[in-house]
Number of protein chains: 2
Amino acid sequence: MALTETLEDYLQAIFHEENEKGMARVKDVAKKLAVRASSVVEAVNRLKEAGYVLYEKGDFIRLTEPGQEVAQRTFERNLVVYRFLDQVLGVEPEHARKLTCGIEHHMDRQFFDALSALCFFFERNSDVQEKFRRFADSYEKGMICDMYATLDQFGKGDTLKVIKVSGDAFLRQRLIAMGLTPGQEIVIERVAPLGDPVDVVLRGYHLSLRKEEAKCIKVEKI
Amino acid sequence: MALTETLEDYLQAIFHEENEKGMARVKDVAKKLAVRASSVVEAVNRLKEAGYVLYEKGDFIRLTEPGQEVAQRTFERNLVVYRFLDQVLGVEPEHARKLTCGIEHHMDRQFFDALSALCFFFERNSDVQEKFRRFADSYEKGMICDMYATLDQFGKGDTLKVIKVSGDAFLRQRLIAMGLTPGQEIVIERVAPLGDPVDVVLRGYHLSLRKEEAKCIKVEKI
DNA sequence: AAATATTTTTAGGTTAACCTAATATTATTA
DNA sequence: TAATAATATTAGGTTAACCTAAAAATATTT
Ligand SMILES: [Mn+2]
Ligand SMILES: [Mn+2]
Ligand SMILES: [Mn+2]
Ligand SMILES: [Mn+2]
């Protein structure tokens, strides 16, 4: 009887309406979630089925005890994720809000506890907070991911490990079929002038690669 | 033309199949995602529609250039979220894997960059890592959330702020209607022996609350 | 109390994402 | 090569989550 992401959002909206106005009405929930009233009625009937709300048509929507508990828990998740994005990572409020509404549905107790602790940790240790801020600023976008070298950048005698094969599907399939799979070790045997072709050895076999092909092979020197 | 969470997962699965085996087949994608082959065919046709894969029936599934880019990006998100859960927060691999597959679809560039930076920060600063581990261990579960006091725990003259009203829907509605809304300040005027009733003043009005009711009002001393 | 406006409910429809079961295809093996 | 096994595809169906438009029920004004 686990709720879907959507129903968790409805429950949370009802919870907020009850707390803010004392009761939840179809219209207000609809507005809060940016859906039509008819969608709310449908969702509320599902929640009623599941035992999370009381609802008789014409009346207000009311959370049951279990409903309240679930809503409370979801809301606490929301709070901690938002706090993490906002205070620790410095994500823009606008974005943070939206991301939070997605992430809050993908949490378990362990994650919740650890994330809470992390927020507290940063709050209590402003020196760490400061240090991280400086550290993060020094990372300009793009510096972190996809920083692998490609095969064509190395020379005779280098021993390399294949990390990834890029390029279009057909080329990639061909290269992988030759044995250039992630994890494979290769040794450069010879590089022709201008880098084309590059001869390599892997698993005892020789392979001659065009420069264009070598560029598709992301490697790490070992 | 934004992909749904599900289609992103299909794309990622195809990406992995291509990288591991050189090509992606319906059956293997189905196995990887724990769905039936017919579901894969349907999803692949949608991806083809959107220009992310090439597929002619009977042939392999192949990522197009855009498809590869999106898959790569999704995969990088997956990596960084997993790394965060696993290395920074210490979430169990099993759980971390599952949570990651949910969270990876709720990220933007800013979040990705900041989270990457955070992982690096912890990796590079093992002292901080250590310090956080100790800090987190000292937080036993439940210590963090829901630690509010309730109205019945205070005495004459205390000035309090209402944080939240709990209890069943009807009671809560009644209390909120009396003006006991989150944020409201109240002053305790008198507490009868055994704590029942509790008389309070808010917005210049007097209110007499049963002990049972007072217990539902979570407050903070100010 | 009528008339008008707001809100809720119902009826009926679409789409994504699943499924089962039946029918092609394509590979393997005898 | 024929029989068998494995894969892929189609056909047809379900469910959640949305929608529009119309009808019914409530509130608010004249
Ligand atoms: Mn949400
Ligand atoms: Mn996923
Ligand atoms: Mn999600
Ligand atoms: Mn219907």
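In what follows, chains carry the letters A, B, and so on, assigned in the order in which the sequence lines appear, proteins first and then strands, with residues in each chain numbered from 1. Only heavy atoms go into these numbers, but all of them, side chains included; no hydrogens, no water, no symmetry mates.
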Item checked: Closest listed nucleotide, where the reference is the side chain of R25(B) and the choices are dT7(D), dA17(D), dT7(C) -> dT7(D)
Check: Quick one: salt bridge (charged side-chain N to carboxylate O under 4.0 Å, His left out) partners of R190(A), sequence neighbours excluded?
Finding: D199(A)
Note to self: Give the residues of residues 7-15 of chain A touching DNA chain C, defined as any heavy atom closer than 4.0 Å, sorted by residue number.
What the structure shows: none
Margin query: Of the listed nucleotides (dT9(C), dC19(C), dT7(C)), which one gets closest to any side-chain atom of V26(A)?
Written below: dT9(C)
Item checked: SB check K32(B) E17(B) (cutoff 4.0 Å) -> yes
Item checked: Out of dT9(C), dA17(C), dA17(D), whichever nucleotide has its closest atom nearest the side chain of T6(B) -> dA17(C)
Next item on the list: Identify, residue by residue, the members of residues 36-46 of chain B with a heavy atom below 4.0 Å from DNA chain D, and return them in order of residue number, or none.
Entry: A37(B), S38(B), V41(B)
Check: Restricting to pairs with a member in residues 35-45 of chain B, which pass salt bridge (charged side-chain N to carboxylate O under 4.0 Å, His left out), not counting sequence neighbours?
Finding: E42(B)-R46(B)
Next item on the list: Not counting sequence neighbours, list each pair that qualifies as a salt bridge (charged side-chain N to carboxylate O under 4.0 Å, His left out) and has a residue in residues 2-11 of chain B.
Entry: none
Notebook entry, point to check: Quick one: salt bridge (charged side-chain N to carboxylate O under 4.0 Å, His left out) partners of R73(A), sequence neighbours excluded?
Noted result: none
Next item on the list: Could you pull out all residues at least two apart from H105(B) that satisfy ring pair (Phe, Tyr, Trp, His ring centres under 6.0 Å)?
Entry: none
Item checked: Integer-rounded Å distance: dT10(C) P and Y55(A) OH -> 9 Å
Residues 86-97 of chain B, side-chain donor-acceptor partners within the protein, below 3.5 Å, at least two apart:
residue : atom : partner : partner atom : Å
Q87(B)  : NE2  : E123(B) : OE1          : 3.4
H95(B)  : ND1  : D108(A) : OD2          : 2.9

Margin query: Expressed as a whole number of angstroms, how long is the span from K31(B):NZ to dT7(D):C1'?
Written below: 14 Å
Margin query: Please enumerate all residues that pass salt bridge (charged side-chain N to carboxylate O under 4.0 Å, His left out) together with R62(B), with sequence neighbours excluded.
Written below: D59(B)
Item checked: Rounded distance (Å) that lies between atom C1' of dT28(C) and atom NZ of K27(B) -> 14 Å
Checklist line | Partners meeting ring pair (Phe, Tyr, Trp, His ring centres under 6.0 Å) with F84(A) (sequence neighbours left out) | finding: F84(B)
Margin query: Please give the stem ranges for DNA chain C, sorted by first residue number, where a stem is three or more consecutive Watson-Crick or G-U pairs and both donor-acceptor distances are under 3.5 Å.
Written below: C:1-30 with D:1-30
Next item on the list: Check ring pair (Phe, Tyr, Trp, His ring centres under 6.0 Å) between F75(B) and all other residues, then give those that pass, not counting sequence neighbours.
Entry: F15(B), H16(B)
